[in-house]
Protein chains: 2
Amino acid sequence: MDPSVTHAIEDYLKTIYKSQRNGPASTSEVARAMGVSAASATAMIKRLAVMGLVDHTSYQGVRLTPGGEKIALQVVRHHRLLETYLRQVLGYPLDRLHDEACELEHHISEMFEDKISALLGDPTHDPHGHPIPTRSGRIVDVAAFPLAEAVEGQDVEIHRIADEDLELLRYFEEQRLLPHERVRVYSKAPMRGPIELRRGRKRTLIGYDVAEKVFVVSVNA
Amino acid sequence: MDPSVTHAIEDYLKTIYKSQRNGPASTSEVARAMGVSAASATAMIKRLAVMGLVDHTSYQGVRLTPGGEKIALQVVRHHRLLETYLRQVLGYPLDRLHDEACELEHHISEMFEDKISALLGDPTHDPHGHPIPTRSGRIVDVAAFPLAEAVEGQDVEIHRIADEDLELLRYFEEQRLLPHERVRVYSKAPMRGPIELRRGRKRTLIGYDVAEKVFVVSVNA
DNA sequence: GTTTAAATTTAGACTCGTCTAAATTAAAAA
DNA sequence: TTTTTAATTTAGACGAGTCTAAATTTAAAC
Ligand SMILES: [Mn+2]
Ligand SMILES: [Mn+2]
Ligand SMILES: [Mn+2]
Ligand SMILES: [Mn+2]
C-alpha cells in the first residue's frame, strides 16, 4: 500500500466507508466515530479531498472516490481477516477482537494478509458475521433479519451479531449466540417481552433488545 | 505499555540497547542504525534523557537507564517472538522476517504476546538463533564461535546466523545453514579459503566470509 | 601546543494530526 | 421571512519526528 497513506488516513477512510451507507457522511458523524473534534475531521477531510480519496463540498458531507473506497475495503479486509485469525488461531475472546484488529490492520504486509487468509481457508465472514472483502475488493453478503422479528416456532441460523457493545459481546459469547449457531424461537412474550430459544433441549431466555442485535436467516427444521 | 512510549521511542531504545555492547552508544551509531540524520538522533536522545529512559552527557554518547532497558527488552521480546511466529506458524522465508517483525513489534498487545508465546511453547530463541528475553526481561544465551574457526573434523551445531544481509539469509535458507542443523567440518582450505561441510553424505562448500557469519557450538559425533 | 578533521549539537524549518475558540453557513423554528 | 440553533469551517496553536545548514566541541595529527 502507498506509504503516503498513513494509519490515520486509513482509519478515516474506513470510517467514511461505514458511515456513507445512505448518502454522504457528515463531518460530525466522522468526527464522533473517530473520537476527534469536528475541526480535526474537517482538516483531514480536506486533505483526503486534495489526495483525491474523497469528494467533499463544504457543509455537504463527504463521499469516497473509487480510489478511497479501494483503500477502505483493503483496510476492512485486513480488519476482518485479523479478527477471524485472532479468534480461530489464537483463541481470543469476542470482546478483545476489535481493538487488536483495529491496530494491527494498518501494520501487516500483503504477505501476512495472504498467509493468514490461506491458513484460514480464505474465509468469507469474520467472527461477528461481517463479510470479508476479497483482495480485489468485492464484498458479498446475505440478507439477514433481526432475531426479534422471527415468529414463534421458526428455526433460524445466526448470521451476524452486533459488535459495538463489549458487554453485549461477552453475553453473546457466554450464551453461545454466535454466527452459525442454530436455534428455534420457542416463544415470544408480547410487548417486546423476552424471547425463549431452544437448542435441542437447552433453553435460553433473552431480552427483546438483545434479539434486535442478532441477525438471522431462516432454516428448515 | 505506557502510551506515551511511541513507535519511534521504542525503536530508538532498541537501537541503543544493541549498540551499547561495550560502553555508551554514540549519536552517529544510533543515527546510522535508525536511518536518520545525526541531528534527529540528537533531538530524540535529548527527549529520551528528559523522560529518564537514557543517560546522556553531551558529546559523550548515550546509555540506557534501567527504565529504558526494560522497554528495550520488551521490544526485543516482541520482535523475536514475532519472527519465530512468522516462521513457524506462517512459514515466512528467512529474509522477510525482520521487516515484518520490526513493524508489528510496536503494535501487538500483551495478550497477543502471551498467546503466541504459549502457542510456540515459550521459545527461548528466534529463527536466527537470537535469545528471546522472558516477560520479566531476563535474557540468557550460550557462547558460540564462528564456524570459520572450527577445525577440520570437528562436529558442530549451528546456533546462530547473522541476520543483517538479506542476500546472505536467502543463501542460508537454500543451503539449510540454520540453527539446530549439525554439520561436520570436513576440510578447510588455507588462507581464508573455502570450507567443506558434510551432513551424512551430502557436502556443502562455503566461503570463509560466510563461515564467519555462522556461529556454532561443538558437539560429539 | 596548535591546527585540523570528525563528531555532535544548535538553529530554524517542515509535515502530520491534533486541539480550542471564534467565525461562518445551512437548516429549522417562529 | 426573519430569527435561532446546530453543524461546519477557519484561525491559530501545539507536540512528535524529521530535515538541512551552521555552529560548536572533541579528539587526532602535526
Ligand atoms: Mn484502525
Ligand atoms: Mn468484525
Ligand atoms: Mn520496529
Ligand atoms: Mn532475529
Side-chain angles (χ1 to χ4, degrees), chain A residues 1-16 19-20 22-64 68 71-72 75 102-103 105-107, chain B residues 1-16 19-20 22-64 68 71-72 75 102-103 105-107:
Chain A
M1 200 169 306
D2 184 344
S4 73
V5 175
T6 66
H7 180 140
I9 288 173
E10 290 186 353
D11 270 341
Y12 273 95
L13 293 174
K14 194 178 74 167
T15 297
I16 295 166
S19 37
Q20 65 169 20
N22 24 13
S26 73
T27 300
S28 46
E29 235 180 316
V30 172
R32 186 175 28 73
M34 288 292 300
V36 300
S37 70
S40 300
T42 298
M44 180 57 95
I45 286 167
K46 293 206 162 295
R47 284 176 47 213
L48 294 175
V50 169
M51 285 186 266
L53 299 174
V54 301
D55 287 325
H56 179 234
T57 338
S58 266
Y59 299 100
Q60 298 304 127
V62 65
R63 196 190 285 275
L64 294 178
I71 295 171
V75 179
C102 196
E103 179 70 16
E105 64 190 358
H106 313 289
H107 303 289
Chain B
M1 200 169 303
D2 184 342
S4 72
V5 175
T6 65
H7 180 139
I9 290 173
E10 289 186 354
D11 270 341
Y12 273 96
L13 293 174
K14 194 178 74 167
T15 296
I16 295 165
S19 36
Q20 65 168 19
N22 24 14
S26 73
T27 299
S28 46
E29 237 179 315
V30 172
R32 187 174 28 73
M34 288 291 301
V36 299
S37 70
S40 301
T42 299
M44 178 58 95
I45 286 166
K46 294 208 162 293
R47 284 176 48 213
L48 295 174
V50 169
M51 287 187 264
L53 299 174
V54 301
D55 288 326
H56 179 235
T57 339
S58 266
Y59 299 97
Q60 298 304 127
V62 64
R63 195 189 287 276
L64 294 177
I71 294 171
V75 179
C102 195
E103 178 71 16
E105 64 190 358
H106 313 289
H107 304 288

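Below, chains carry the letters A, B, ... as their sequence lines are ordered, and counting in each starts from 1. The analysis underlying the following values was restricted to heavy atoms, covering all of them including side chains, and did not include hydrogens, waters or symmetry mates.
- Note on B:K46: every side-chain N or O is 4.0 Å or more away from OP1 and OP2 of C:dT8.
- Side-chain nitrogen and oxygen atoms of A:S28 include none within less than 4.0 Å of the OP1 or OP2 phosphate oxygen of D:dA6.
- Protein atom CZ of B:R32 is 11 Å distant from nucleotide atom P of C:dT8, rounded to whole Å.
- B:I16 contributes atom CD1, which lies 9.0 Å from atom CG of B:L53 (distance to the nearest 0.5 angstrom).
- Contact check, B:Y12 against D:dT18: a side-chain N or O comes under 4.0 Å of OP1 or OP2.
- Taking NE2 from A:H56 and OG1 from A:T42, the interatomic distance works out to 6.5 Å, rounded to the nearest 0.5 Å.
- Atom-to-atom distance recorded for B:I45:CD1 and B:T27:OG1 is 4.0 Å, nearest 0.5 angstrom.
- The aromatic rings of A:H107 and B:H7 sit tilted relative to each other, their planes meeting at an angle between 30° and 60°.
- Out of D:dT24, D:dA11, C:dC16, the shortest distance to the side chain of A:A39 is found at D:dA11.
- Side chain of B:T6, nearest nucleotide from D:dT9, D:dG17, D:dT18: D:dG17.
- Nucleic acid contact for B:S40: base, since at least one base atom lies under 4.0 Å from a heavy atom of the residue.
- For D:dT9, the OP1/OP2 oxygens have a side-chain nitrogen or oxygen of A:H56 closer than 4.0 Å.
- Rounded to a whole Å, the OH atom of A:Y59 is 7 Å from the P atom of C:dA26.
- Regarding A:D11, its CG atom lies at a distance of 17 Å from the P atom of C:dC16, rounded to whole Å.
- Annotation: of the two residues near DNA chain C, B:I45 and A:H7, the 5′-most nearest-nucleotide partner is B:I45.
- B:L13 has its CG atom 11 Å from the P atom of D:dG17, to the nearest Å.
- Between D:dC19 and B:S37, a contact under 4.0 Å exists linking OP1 or OP2 to a side-chain N or O.
- Following rounding to the nearest Å, A:M44 (CE) and D:dT9 (C1') show an atom-to-atom distance of 16 Å.
- With hydrogens and angles disregarded, no donor-acceptor distance shorter than 3.5 Å links the side chain of B:E10 to the backbone of B:V75.
- Following rounding to the nearest Å, A:L48 (CG) and C:dC16 (C1') show an atom-to-atom distance of 12 Å.
- The residue A:A8 sits close only to the backbone: its heavy atoms come under 4.0 Å of sugar-phosphate atoms, none of a base.
- Neither OP1 nor OP2 of C:dT10 sits under 4.0 Å from any side-chain N or O of B:T42.
- Looking at which nucleotide of DNA chain C each of A:S58 and A:G35 is closest to, the 5′-most match is held by A:G35.
- One atom, CD of A:Q60, and another, C1' of C:dA27, lie 10 Å apart when rounded to the nearest Å.
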